[in-house]
Amino acid sequence: MDNLRRRVEHFLEQKNFATEALGALEARTGVEKRYLAAGAVTLLSLYLLFGYGASLLCNLIGFVYPAYASIKAIESPNKEDDTVWLTYWVVYALFGLAEFFSDLLLFWFPFYYAGKCAFLLFCMTPGPWNGALLLYQRLVRPLFLKHHAAVDSAMSHLSGRVLDAAAGITRDGRSEE
C-alpha cells in the first residue's frame, strides 16, 4: 500500500493538465490535492458502477487519453512510445470486436463497465505491467505468427476479387452511357 501511495504522490508532483487542475482546486478550496484526487477517483468509480451513461464514460476513458498519448508519440522522435501505443490500439480493437459479438451476454453482468474500464486502464498502464503489451506478447503475437500467412493469402485473393468487381461495375457503367 505504501508503494501505491508513493506512486500517487509522485504523480501528483508531476506537471500535467490533471495536476495543474488539482493545484488550482487546492488553491481555491484549501483541500489537499491528494484528497481531491481520491474524491475524483471515488466519484468516477461510483459513476461507473451505478451511473447512467457508464458505457460512454468508459469508452471516453479508453479512447481520449490513449488518442492524446498516441499523437504525442507520433510527434516525438522516440520510436518506442509509438510501439507502445500501436500495441494498445491493436488490443483495444480486438477487445472492441469481441465486445461487439458478446454484447448481449455482457450486458447482463453487473458492474461490467467498471470492469471494462479497469481492463482498459490496465492496458494503458506504463512500464513493465502494461496490459496491452502483456496481452500482445502472450496472446495476439503467437496467434498472428501462426496464422498470418493464411490471412495474407486470403486478403490478397479477396482484394483481387474486389478490384475485378469494381472494374466490372465501372466498365458496365461506362457502356450504358
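All values below come from the heavy atoms of this structure, side chains included, with hydrogens, waters and symmetry mates left out. When a residue number appears, it is its place in the shown sequence, counting from 1.
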Item to check | Residue pair Ser159 / Ser156: nearest heavy atoms and the distance that separates them | outcome: OG-O, 3.0 Å
Checklist outcome for this item: Hits for side chain to side chain contact (heavy atoms under 4.5 Å, CB included) against Leu57, two or more places apart or cross-chain, chain-then-number order -> Leu44, Tyr47, Leu48, Ile61
Next on the checklist: Could you see if Phe63 belongs to whatever hydrophobic cluster contains Leu120? Use Ile, Leu, Val, Met, Phe, Trp, Tyr and a side-chain cutoff under 4.5 Å.
Outcome noted: yes
Checklist outcome for this item: Sequence neighbours excluded, the answer for side-chain hydrogen bond (donor to acceptor under 3.5 Å, both in side chains) partners of Tyr92 is none
Checklist entry - Which heavy-atom pair separates Ala98 from Ser102 by the least distance, and what is that distance? => result O-OG, 2.7 Å
Item to check | Members sharing Ile71's hydrophobic cluster (side chains within less than 4.5 Å) | outcome: none
Checklist entry - Transitive ILVMFWY cluster of Phe100 at side-chain heavy atoms under 4.5 Å: who else is in it? => result Leu97, Phe101
Item to check | Any pair counted as side-chain hydrogen bond (donor to acceptor under 3.5 Å, both in side chains), so long as it reaches residues 59-77, sequence neighbours left out | outcome: Asn59-Lys116, Ser70-Trp89, Ser76-Asp81
Item to check | Listed once per pair and sorted, the side-chain hydrogen bond (donor to acceptor under 3.5 Å, both in side chains) pairs that draw on residues 135-144, sequence neighbours left out | outcome: none
Next on the checklist: In terms of relative ring orientation, are Phe122 and Phe119 parallel, tilted or perpendicular, with 30° and 60° separating the classes?
Outcome noted: tilted
Checklist outcome for this item: Smallest heavy-atom separation, Pro66 atom then Tyr88 atom, equals CB-CE2, 3.4 Å
Next on the checklist: Check for me, please, whether Val162 and Ile169 land in the same ILVMFWY cluster - side-chain distances under 4.5 Å, paths through other members count.
Outcome noted: no
Item to check | Hphob cluster co-occupancy, Leu94 + Leu134, side-chain heavy atoms under 4.5 angstrom | outcome: no
Checklist entry - With respect to Val91, which candidate in Leu139, Leu86, Leu135 satisfies the side-chain contact (heavy atoms from CB on, under 4.5 Å) definition? => result Leu135
Item to check | Distance, nearest 0.5 Å, that separates OH of Tyr112 from SG of Cys58 | outcome: 7.5 Å
Item to check | Pairs involving residues 145-168, ordered by first then second residue, that meet ring pair (Phe, Tyr, Trp, His ring centres under 6.0 Å) (sequence neighbours left out) | outcome: Phe144-His148
Checklist entry - With hydrophobic residues grouped by side-chain heavy-atom distances under 4.5 Å, do Trp85 and Phe95 end up in a single group? => result yes
Next on the checklist: Quick check: is Val41 connected to Leu36 through a chain of hydrophobic side chains (ILVMFWY, heavy atoms under 4.5 Å apart)?
Outcome noted: no
Next on the checklist: Suppose clustering is done on Ile, Leu, Val, Met, Phe, Trp and Tyr with side-chain heavy atoms closer than 4.5 Å. Which residues sit in the same group as Leu105?
Outcome noted: none
Checklist entry - Going by side-chain heavy atoms closer than 4.5 Å, which hydrophobic residues are tied to Val151, directly or by a chain of links? => result Met155
Checklist entry - Considering residues at least two apart in sequence or located in another chain, which fulfil the ring pair (Phe, Tyr, Trp, His ring centres under 6.0 Å) criterion with Tyr35? => result none
Next on the checklist: Once side-chain hydrogen bond (donor to acceptor under 3.5 Å, both in side chains) is applied, what residue pairs with a partner in residues 117-132 remain, sequence neighbours excluded?
Outcome noted: none
Checklist entry - In Å, rounded to the nearest 0.5 Å, how long is the span from OG1 of Thr87 to CG of Leu133? => result 5.0 Å
Checklist entry - Under the salt bridge (Lys or Arg N to Asp or Glu O under 4.0 Å) rule, what pairs show up with a residue in residues 22-39, not counting sequence neighbours? => result Glu9-Arg34, Glu32-Arg34
